[in-house]
Each structure stands twice: as structure tokens, then as C-alpha cells.
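Structure record follows, encoded as C-alpha cells.
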Amino acid sequence: MITFYPGPSKIYPQIAGYLQDAVEEGILSQNHRSPAFMDMLKSSIDLFKQKLNIPDNYNVYFTSSATECWEVIAQSFSAKGSLHIYNGAFGQKWFEYSQKIVGDNTFDIPFDFEASIPVLETDTSKYDVLCVTQNETSNGTQVNLNHIPSDEALIAFDVTSSIGGIALDWTKGDIWLASVQKCLGLPAGLGIMICSPKAIRQAEIIGERKHYNSFLFIHQNFEKFQTHYTPNVLAIYLLKRVMEQVENIELISKKIKARNLDFCQFIERETVWQLLIDNEAVRSDTVIAVGGVGDAIKLVKQKTREAEITLGNGYGNWKDTTFRIANFPAIEDWEFEALKTCLV
Ligand SMILES: *Cc1c(COP(=O)(O)O)cnc(C)c1O
């Protein structure tokens with residue numbers, strides 16, 4: 001079976017062997033304060049930083065999901081408030097979750113999905129964190145990191161559907177959040193948070209310690225290569241194995257961008273379909289939304305189903321008029337060729 005679902009998405013086929021290895025190596029029966037676990041956690045993080053070119057002075061933490069990271073940011077980094085600039089459903093959801101925790105000091109600036117992110121004069125006396133969904137999975141757009149000016153406030157990026165797929169300039173942000181079931185080609189159940197020294201300093205000044213997942217507890221545990229709760233040991237192990245296997249992100253990024261261009265040109269030139277996003281400058285490299293009219297979507301879903309290919313459904317307002325294609329590294333070129341034959 002072939003799947004282009006943008007999360008949970010296709011896992012690397014090598015995972016089958018890694019699962020077997022995890023059982024045989026005995027790591028799953030080790031407790032999470034044992035040296036064996038701590039060594040494994042350390043090497044998982046080291047490899048992750050190495051393959052993704054994450055600066056040495058940035059810290060990597062594991063949580064249970066990207067959604068949990070939204071809450072951690074609201075709890076532990078947003079003493080004054082947070083500002084959310086978004087153009088789609090995930091950015092809006094992040095805003096709404098923050099609002100439940102931070103209350104009235106949560107501000108939002110929605111923008112059009114065909115437009116570049118607005119660069120605004122904002123008032124940093126009102127918020128500590130600027131929250132941006134770098135890759136909006138719902139509509140297939142992405143924010144160019146060069147369009148975000150540096151800010152006195154912390155800059156937080158949701159990169160759930162781009163991390164591991166495209167190279168990111170980590171120096172542009174202070175808090176990066178994600179999960180593993182999209183571009184990283186792993187089973188769901190592990191969230192990732194990456195923090196700059198500035199973010200850690202800010203959390204220490206705020207000093208919030210009211211929750212089991214208060215950032216300072218997470219940080220203190222990870223300093224010892226432990227976790228603030230009993231972790232998903234298997235997922236951390238699988239991440240380590242996948243990081244051993246994959247190429248450096250610069251190489252992966254080149255391939256993903258080239259395949260995106262190839263597929264978008266194919267859609268525009270050789271099919272009756274249209275790309276949902278006209279503006280090439282804001283189109284995502286890793287999630288492609290394709291639109292059609294009338295019954296076309298229903299018919300193509302039937303055709304792909306017969307070919308044992310799963311498309312991603314359209315999201316929210318675009319449920320019946322679009323489908324989405326994950327352009328994630330675990331998906332192979334031949335699978336894209338098979339998809340193309342169903343779209344002409
Ligand atoms: C999938 C997704 C999430 C949610 O991830 P979970 O691991 O399910 O919490 C958040 N943000 C974006 C942009 C996503 O694509």
C-alpha cells in the first residue's frame with residue numbers, strides 16, 4: 001500500500017527491523033533512570049542534532065506530541081502573553097489552546113493563505129512569545145523564515161510537517177516544536193521541542209513550575225539525560241535508528257524541493273487539477289494541496305483506492321474540493337510516479 005497522507009504518514013520500511021532490534025537489545029525493559037536508557041537518549045539527541053544541523057548550544061527535548069508543546073509554551077514561556085500570526089487551521093488551533101491557558105493576553109493576527117506573512121510593528125510590551133506555524137499542514141503553505149524579523153520576544157515556530165524534510169535556519173527561532181509522524185517517517189507518539197539559550201534564560205526568569213510538564217522540569221531532567229515522565233522509550237529508540245540511517249538534512253532538503261517542483265509542474269502542465277496555492281513563494285515544499293471541481297475529487301479517490309494509493313483528505317473548508325499530498329522523505333520517487341498515473 002502507498003500512502004500520501006500528511007500525518008500520520010508513511011513510515012520508513014526499515015522500522016520493521018528496528019522494532020525487532022529494540023526487543024532483542026532489551027532497551028524496552030530498561031527503566032528510564034537507568035544508564036542504558038540515558039545513553040540511548042543522549043545518542044538519539046546527538047544524532048538528531050547532527051543530521052539536522054542544529055546548533056550545539058540549542059537543546060532538544062522530547063514530549064508526547066506537538067500539541068503538548070503548544071501548551072508548554074503557553075504555560076512556561078508566556079508570562080505577559082503570546083502573539084499568534086497564522087493563515088490556517090493548525091495556527092488557529094495553537095492560538096485557541098494558548099487562549100485557554102494564557103487568557104486575554106493572547107493576541108492573533110490572521111493573514112490570507114496566498115499572502116506572505118505580514119511584517120508588523122508589534123508591541124512587545126504585551127507578549128513574550130511570537131508564535132508562527134512555519135508549515136501550515138492544512139492548506140499547504142509555508143512561511144519564509146527570512147520574512148520574520150528578529151524580535152525582543154521569543155520566536156516560536158511549529159515545524160511539525162517540515163522538520164526532517166527541509167533545512168531550517170535554527171538561528172531564526174528560539175523555540176521549535178514538532179512531532180515525529182510526518183517528515184521524520186516514524187510512528188506517532190513523540191513530540192520534539194528545540195530551544196535556544198535565550199528561550200531557556202527566559203523560562204528561568206519566569207520560573208513557572210506548576211505543571212508536570214513545566215518547561216523547567218523538562219529542562220532539568222534532560223540535563224541528566226532523563227525525562228519528566230515515563231517516556232516513549234521505543235519512539236526515542238526508533239528516532240535514533242532512523243537518524244543513523246538518513247542523510248544530512250541539506251541533501252534531503254534538495255531532493256524534497258526538487259520533487260516538489262517536479263510534482264507541481266506536472267499538476268499544472270499535464271493534468272486538469274489546480275494547485276490550491278497559486279503563489280509559489282508561499283507554497284509548502286512538504287505538503288501539496290491540489291484542487292478540483294465537482295465530483296473530480298470523489299472520482300480520483302476511488303481511482304487511487306483501486307490502485308491501493310491513499311491520498312490525504314482536504315482539510316476543513318477544503319475537505320470536499322481538495323486532496324493533499326505529503327512530500328515526505330520516507331515516500332519514494334517510484335510512489336510519486338505511480339500517483340501521477342492516477343492523476344492524468
Ligand atoms: C500534525 C500537526 C500538529 C499536531 O501534531 P500532534 O503530534 O498530533 O500533536 C501540530 N501542528 C502542525 C502544523 C501539524 O501538522
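FYI, side chains are in, hydrogens and waters are out, and symmetry mates aren't considered; it's all heavy atoms of this structure. Quick caveat, the model's predicted, so the values are computed rather than measured. Every number for a ligand or one of its atoms is a count from 1 in the order of the listing.
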N or O contact, [X] vs ligand 1, cut-off under 3.5 Å:
{"X": "Asn135", "result": "no"}
{"X": "Phe90", "result": "no"}
{"X": "Lys182", "result": "yes"}

Give a yes/no verdict on whether any heavy atom in Trp94 is under 4.0 Å from an atom of ligand 1.
-> no
Can you find a non-hydrogen atom of Gln181 under 4.0 Å from ligand 1?
-> yes
With Trp176, which of Phe48, Tyr58, Phe157, Tyr61 fulfils ring-ring contact (aromatic ring centres under 6.0 Å, His included)?
->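 The option that passes is Phe157.
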Option from Tyr127, Phe90, Trp70, Trp94 for which ring-ring contact (aromatic ring centres under 6.0 Å, His included) with His84 holds =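 Only match with His84 under ring-ring contact (aromatic ring centres under 6.0 Å, His included): Trp94.
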Which heavy atom of the protein is the closest neighbour of atom 11 (N) of ligand 1, given with residue, atom name and distance?
->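 Looking only at protein heavy atoms, the one closest to atom 11 (N) of ligand 1 is Asp158 OD2, 2.7 Å.
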Atom 7 (O) of ligand 1: which protein heavy atom is closest, and how many Å away?
-> Ser179 OG, 2.8 Å
Please work out whether the ring planes of Trp273 and Phe323 are parallel, tilted or perpendicular, with thresholds of 30° and 60°.
-> perpendicular
Got a salt bridge between Lys10 and Glu335, using NZ or NE/NH1/NH2 to carboxylate O under 4.0 Å?
-> yes
Are Lys182 and Asn135 linked by a side-chain donor-acceptor pair shorter than 3.5 Å?
->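 Asn135 and Lys182 do not have a side-chain donor-acceptor pair below 3.5 Å.
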Output, in order, the C-alpha distance, side-chain angles, deciding distance and verdict of salt bridge (Lys or Arg N to Asp or Glu O under 4.0 Å) for Glu337 and Lys340.
-> CA-CA 5 Å; Glu337 295 309 314; Lys340 283 178 178 177; 3.4 Å; yes
Determine whether the side chain, the backbone, both or neither of Tyr86 has a heavy atom under 4.0 Å from any heavy atom of ligand 1.
-> neither
Please step through side chain to side chain donor-acceptor pair (under 3.5 Å) for the pair Thr141 and Glu136, ending with a clear verdict.
-> CA-CA 5 Å; Thr141 60; Glu136 181 47 79; over 6 Å; no
Among Thr137, Val287, Thr67, which one has a heavy atom closest to atom 13 (C) of ligand 1?
-> Thr137
